[in-house]
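See below for the structure under consideration.
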Amino acid sequence: MSMTRGCLLCIKITMFIFNLIFWLGGCGILGVGVWLAVTQGKFATLSISFPSLSAASLFMVTGSVIMVVGFIGCLGAVTEHRCLLLTFFVVLLIIFLLEIISMVLFFTYNDNFHRYAQEDLKNGLSLYQTEGNLGLTNAWDIVQTEFRCCGVKNYTDWLEMRNSSLVPHSCCMEHSASCQSNPSTWWKDPCYEKVKRWVGSNISSVGIFGICILIVQVFGLIFSMLMYCQVLKAEKYYE
């Protein structure tokens, strides 16, 4: 029995450490979400179909969930409570499977995703400077000013969707009284591609961090089930 208790103690300490790392990872993801909300938060209002869906909100929700799951794992490891250990295993397994499925779907339908996103953003141009859409108006002005671009695919998106010969002032390279009606003064680069390149240039570090989280999740699944079995074996011995 001393060997069983020794194995249980070893697994207990290891699981606690991994769950602590998992919890800290959740804190990091939550922090990235907060940073995105502060620096690029207004980008979320560009979509008319999913006004609350953004990278910032996804990171914050994911980080919060990971922190809660990590806390349950740490608590289960410290108390050796079978119900907590099993709850941690099931919840973590569901999260892990959802992450894998989401990645597979994203890479499988990557082209469809970008095509839909561009059409959704383009449809939102018709709401620019309309009542109740101040957030969308400000968002487009911020994006076009910071990225020096005009429209989703090009500046003709504004002319088409608003049925006008004028573009927003944020499309102008140099502001003047007539710049909104003078194509020679407009930014020519498409905003979608410029933002896409910006995301791509920053995605590598996020990707590495995500892979590390997946590895920690796998170890968490293994150690939680091992500890559950060891606790069950110890309880049967005492019975």
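Position 1 is the first residue of the sequence, and the numbers go up from there. As a basis for the values below, the full set of heavy atoms in this structure was taken, side chains included, without hydrogen atoms, waters or symmetry mates.
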Clusters formed by hydrophobic residues whose side-chain heavy atoms approach within less than 4.5 Å: which one holds Y109, and what are its other members?
I101, L105

Crowding at CZ, F96 (>12 non-hydrogen neighbours, <6.0 Å)
yes

Identify whether L24 and I208 are in the same connected component of the hydrophobic contact network (ILVMFWY, side-chain heavy atoms under 4.5 Å).
no

Is Y128 atom OH crowded by more than 12 heavy atoms from other residues, nucleotides or ligands, each under 6.0 Å away?
yes

For the student: nearest non-hydrogen atoms of I72 and L84, plus distance
CG2-O, 3.9 Å

Any donor-acceptor pair under 3.5 Å from S201 side chain to W198 backbone
yes

Single-linkage hydrophobic cluster, 4.5 Å side-chain cutoff, I17 and L85 together:
yes

Determine, using the 4.5 Å side-chain heavy-atom cutoff (strictly less than), whether W35 and I29 are members of one ILVMFWY cluster.
yes

Using only atom types and a distance under 3.5 Å, with no angle test, would you say the side chain of S170 pairs donor to acceptor with the backbone of Q144?
no

Quick one, W140 and L125 - any side-chain contact, counting heavy atoms below 4.5 Å?
yes

In the structure I gave you, are the side-chain heavy atoms of V195 and V143 within less than 4.5 Å of one another anywhere?
yes

Can you tell me how far the OG1 atom of T62 sits from the CG atom of L98, to the nearest 0.5 Å?
10.5 Å

Test your reading of the model: is there a side-chain donor-acceptor pair from T145 to the backbone of I142, 3.5 Å cut-off?
no

For V69 and N19, the nearest pair of non-hydrogen atoms, with its separation, is O-OD1, 4.5 Å

Could you walk me through whether F106 and S102 satisfy the side-chain contact (heavy atoms from CB on, under 4.5 Å) test, starting with their C-alpha distance in whole Å, then the side-chain angles of each, then the deciding distance to 0.1 Å, before giving a yes or no?
CA-CA 6 Å; F106 177 77; S102 298; over 6 Å; no

Nearest heavy-atom approach of L30 to M67 is CD2-SD, 3.8 Å

Would you compute the distance between atom CE of M225 and atom CE of M15 and round it to the nearest 0.5 angstrom?
10.0 Å

K122: what forms a salt bridge (charged side-chain N to carboxylate O under 4.0 Å, His left out) with it, not counting sequence neighbours?
D157, E160

Test side-chain contact (heavy atoms from CB on, under 4.5 Å) on E119 and V152 and set out the steps.
CA-CA 9 Å; E119 287 302 317; V152 180; over 6 Å; no

Are more than 12 heavy atoms, taken from residues, nucleotides or ligands other than N163, located less than 6.0 Å from that residue's CG atom?
no

When you group the ILVMFWY residues by side-chain heavy-atom contacts below 4.5 Å and let the links chain together, are V104 and L93 in the same group?
yes

Give me the atom names and distance for the closest heavy-atom approach of Q129 to T137.
N-OG1, 2.8 Å

For P190 and C149 the tightest heavy-atom approach is C-CB, 3.9 Å

Do you reckon F88 sits in the same ILVMFWY cluster as L86, going by side-chain contacts under 4.5 Å, direct or chained?
yes

State, to 0.1 Å, how close V65 and I95 come at their nearest heavy-atom pair, and which atoms those are.
CG1-CD1, 3.6 Å

Look only at the side chain of E193 and the backbone of K153, and say whether a donor-acceptor pair between them is shorter than 3.5 Å.
no

Is the closest side-chain heavy-atom distance between E174 and C179 below 4.5 Å?
no

Give the C-alpha distance, both sets of side-chain angles, the deciding distance and a yes or no for ring pair (Phe, Tyr, Trp, His ring centres under 6.0 Å) between W186 and W158.
CA-CA 12 Å; W186 302 343; W158 288 108; over 10 Å; no

Please tell me whether C171 and C150 are bridged, where bridged means their SG atoms are separated by under 2.5 Å.
yes

Stepwise ring pair (Phe, Tyr, Trp, His ring centres under 6.0 Å) check, Y228 with F89:
CA-CA 9 Å; Y228 176 85; F89 178 84; 8.5 Å; no

Look at atom CZ of R148 and say whether more than 12 heavy atoms of other residues, nucleotides or ligands are closer to it than 6.0 Å.
no

Quick one, K188 and N154 - any side-chain contact, counting heavy atoms below 4.5 Å?
no

Report yes if the side chains of R162 and V167 come closer than 4.5 Å at any heavy-atom pair, otherwise no.
no

